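What you see below is based on every heavy atom in this structure, not just the backbone, and it leaves out hydrogens, waters and symmetry mates. Order of appearance sets the numbers: ligands from 1, and atoms from 1 within every ligand. Fair warning: this is a prediction, and the values are worked out from it, not measured in the lab. Note that the numbering runs from 1 along the sequence shown for the chain.
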Amino acid sequence: MTTSTNGAFDRKPFIAGNWKMNMDHVQGITLLQKLAWTLSDAKHDYSRVEVAVFPPFTDLRGVQTLVQGDDLDVAYGGQDLSQFDSGAYTGDISGQFLNKLGCKYVLVGHSERRTIHNESDDVLNAKTKAAFKHGVTPVLCVGEGLEVRQAGTHVNHTLEQLRAGVSGLTADQAAELVVAYEPVWAIGTGEVAGPEDAQEMCAAIRAELEQLFGADTAAKTRLLYGGSVKANNAAAILKERDVDGLLVGGASLDPAEFANIVRFESHLVTD
Ligand SMILES: O=C[C@H](O)COP(=O)(O)O
C-alpha cells in the first residue's frame, strides 16, 4: 500500500473482522462495544482506515441497533448470502435481508464455505451478483490450499477463482468489489504468508482485474490479505503496495488485539 506525499493511501485501507461461528448475540454486542471504546480512546480516525465486522447472522440485528444507537462508524456485514432472492431455500439468507439490516458488505466464497459447504465457482459468481443486486458490496474470497501452494500453481489457481467470481460484472461493480486473498494453509494455523507472498498474489489479482476491466477500475478495487493476521504482523503486510487491508479471523475476537490491527499506522512509525 503506497502513500502519497500528503500521507493519503492509494485506496482507503480496510480492516475487517470475521467472527466466523463465534459470539452469540449478547457476546457480540459486548465485543463490538469494547472495540468501539478502545478505538475511541485511541482517537481512531475512521475516515482514514475503514473498520468492519462480520458477525454471525443471529447477531446482526443487535449490531445494527448498537451501531445506530451509539452512532458508531463501524461497518458490518454477513458472512454469506444466498444466490436467490427469496423462496424455499431453508437455512439461507437473502441479500435483501442483509440490506434491510444495514449490512454494507457480505463475504462471498470464504474458504470455509468453499470446502465445508462445497460452494462452486458458479454458485459464488451468482452470490457475487446477488450481493450487488441487493446493494451489498461483496468481499470475494480467493486463495489456494497447501497442496496447490507446494505444487507452485497458487497464482493460476487463485486467478481462476477470481475470474469465475467476477465473470459478468460491470467495471463499476469490479471497482466497488473487495477481493480477499486468503491462502487456506495460513488460516487459523499460525502460519502467516509473508508480506512478499501477500504482495505477489495481490499484484497478480490487480493485474488480472486490469486485463478484465481496465487499469482505472483495477486501481480502485481494494485487495485484502487474510490468514493468521495479528497486531504484530499486520503493519508489515500492509506496507506492501497492492495490499489494501486485512480480513482477520481469530484476532478479531479480541477487541484490544483487533483495535491494534486497525491502528496499524501507529506501528508503521515504530517498525
Ligand atoms: O476470515 C478470516 C480468515 O479466515 C483468517 O482467519 P484467521 O485470522 O483466524 O487465520
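Contact atoms of ligand 1 toward Gly249: 2 (C), 5 (C), 6 (O), 7 (P), 8 (O), 9 (O) (distance under 4.0 Å to a heavy atom of the residue). Annotation for ligand 1: atoms under 4.0 Å from non-hydrogen atoms of Gly250 are 7 (P), 8 (O), 9 (O). Listed by number with element, the atoms of ligand 1 under 4.0 Å from a non-hydrogen atom of Leu247 are 1 (O), 2 (C).
Atom NZ of Lys20 has more than 12 heavy atoms from other residues, nucleotides or ligands within 6.0 Å. Counting non-hydrogen atoms of other residues, nucleotides and ligands closer than 6.0 Å to CD of Glu147 gives a total of 12 or fewer.
The nearest heavy-atom contact from the protein to atom 3 (C) of ligand 1 is Glu182 OE2, 2.8 Å.
In this structure, Lys127 does not pair ionically with Asp92, as no charged nitrogen and carboxylate oxygen lie closer than 4.0 Å. By the 4.0 Å N-to-carboxylate-O rule, Glu50 lies too far from Lys12 to be salt-bridged with it.
A parallel orientation is assigned to the rings of Tyr89 and Phe84, their planes being inclined by less than 30° (bins at 30° and 60°).
In terms of polar-atom proximity, Thr189 is not counted as a contact of ligand 1, lacking any N or O under 3.5 Å from an N or O of the ligand.
For Ser228, the closest heavy-atom approach to ligand 1 falls below 4.0 Å. In this structure, Ala186 has a heavy atom closer than 4.0 Å to ligand 1.
Exactly one residue among Arg222, Arg206, Lys220 makes a salt bridge (Lys or Arg N to Asp or Glu O under 4.0 Å) with Asp244. That residue is Arg206.
If you look at Asn18 next to ligand 1, the close heavy atoms, those under 4.0 Å, all belong to the side chain.
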